[in-house]
2 protein chains.
Amino acid sequence: MNIQPQIDPGQEPSATQRAYLAVRQMILTGEIPPGEKLKIENLRKKLDMGGSPIREALTLLVSDLLVERLDQRGFRSAEVGRENFAEILKLRCHLEEMALRESIAHANQVWEDNLVISHHRMMREPRNNVERFEDLHKTFHMNLLAACTSKVLLKFCNQLYDLNIRYRYLAGRALDYSTRDIGSEHTAIMNAAVDRDTETACHILLDHYQRTGAFLERLFTSEAAE
Amino acid sequence: MNIQPQIDPGQEPSATQRAYLAVRQMILTGEIPPGEKLKIENLRKKLDMGGSPIREALTLLVSDLLVERLDQRGFRSAEVGRENFAEILKLRCHLEEMALRESIAHANQVWEDNLVISHHRMMREPRNNVERFEDLHKTFHMNLLAACTSKVLLKFCNQLYDLNIRYRYLAGRALDYSTRDIGSEHTAIMNAAVDRDTETACHILLDHYQRTGAFLERLFTSEAAE
DNA sequence: GAGTGCAATAATATCGATTTTTTCGCAAAA
DNA sequence: TTTTGCGAAAAAATCGATATTATTGCACTC
């Protein structure tokens, strides 16, 4: 019998996978602006593949709430807005707290090691490569929750993370964290987590989100006032 | 300009939509058992359509967590299990409580009317048509939350509801509610909701879920012991 | 007799073309 | 001037066929 055929990372990704990652990245970074029509033909040419994998990728993105499907009228990237941002922030705080408590409760050595490693990598990454940094940042936050045993909860947290990241890209340069010491906040969360200090870890994590959230919301307000 | 072209219910559904609803129903009711391979060719013949809408429907179901995709190896219906059931129950309790509080906070006349109507219809439906009853039951519960302003939260609740319903069908005849007065529980929840009595409504709702959960869990245990 | 490698088979993933539906522009009527 | 009703163009949805990839069975070696 084959040994771990499903974990093999060597195989090249399917067209669907490529399309999914490509379109997702374009939406997250804002290269495709909110509300824009996603024409199959355009994406076909841009990504050089048939229509089927494109459609399938867009369908996957619909469930991520990054794309909306209009029956018989194709797809468009999801709209953004202040209310949407606020609800995502609120849900994230609730669900990530649940997940973090579960995660610390089921913590083990492997979890701890991965957490420390991802923290280290994130801290060492220069901030000028935004996409690369955001990737490591996400990995760190997800590793924090990784020992949580509820697959569904983790999926929700993951989805919400991506929905949120979009707003950070939209905020763009304004959000270079220059006014806050984000690094030390992350370190504090990690330390509390490895100490199995659930209350402290949750408190700092939520505070971390609330602050970033308030920052983005202010930005949103001033922009809307233009 | 057209008037409300998107709300028009008269148009016949797309093939994708038909496939989605058909396969979803088969999985929820257990006609397709957990873990079963979903072969495109079989479904093609059964639903009399091409492969594309089938694949698209299955992709939609992946995001509902009712179907799993095995890269390059097709699709299968999601597995069930006691842990899975437990995590869904727990998440539902958390999220529906959030949603119910929000919903009551934003309650208005339309919401109240719809809630009363759906309650009435559910109560009048004879229990022998299980699928029809389950449909009305879901409508009632979703109407309870409908005034909640967070679209994402409602989507999550909806998903979790469907994941849970599967276990009720799996339990089958055993769960005919004969030992409990489910009707009065629903009525009590509705009354508390229309009275805007948030605490009572939440309390009864959660109790309602916990009881049904405990009932199903017992069933699971005795079955696993065979 | 157990394991290995290779073809035959089956199933998936993808493509290109066709069908259906929507959108858009323009002219005719109110 | 605004509405209404075509028809052309564009786009989406779907199909059937092909290319790719996994699975299966069987002969062959050790």
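Quick note on labels: first sequence line is chain A, next is B, and so on, each numbered from 1.
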Other residues, nucleotides and ligands only: do more than 12 of their heavy atoms fall within 6.0 Å of [atom1] on [X]?
X: B/Lys151; atom1: NZ; value: no
X: A/Lys46; atom1: NZ; value: no
X: B/Asp48; atom1: CG; value: no

Could you tell me how far apart A/Arg76 (CZ) and D/dA12 (C1') are, to the nearest whole angstrom?
14 Å
A/Asn42 CG to D/dA11 P: how many Å, rounded?
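In whole Å, D/dA11 P and A/Asn42 CG are 7 Å from each other.
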Residue pair B/Asp113, B/Gln109: steps toward the side chain to side chain donor-acceptor pair (under 3.5 Å) verdict
CA-CA 6 Å; B/Asp113 292 347; B/Gln109 195 58 49; 3.1 Å; yes
Treat primed atoms plus P, OP1 and OP2 as sugar-phosphate and everything else as base, then score nucleotides 8-15 of chain C 5' to 3': B for base contact with protein heavy atoms under 4.0 Å, S for sugar-phosphate contact only, - for none.
---SSSBB
Rounded to the nearest 0.5 Å, the SG atom of B/Cys93 sits from the CD atom of B/Glu97 at a distance of 8.5 Å
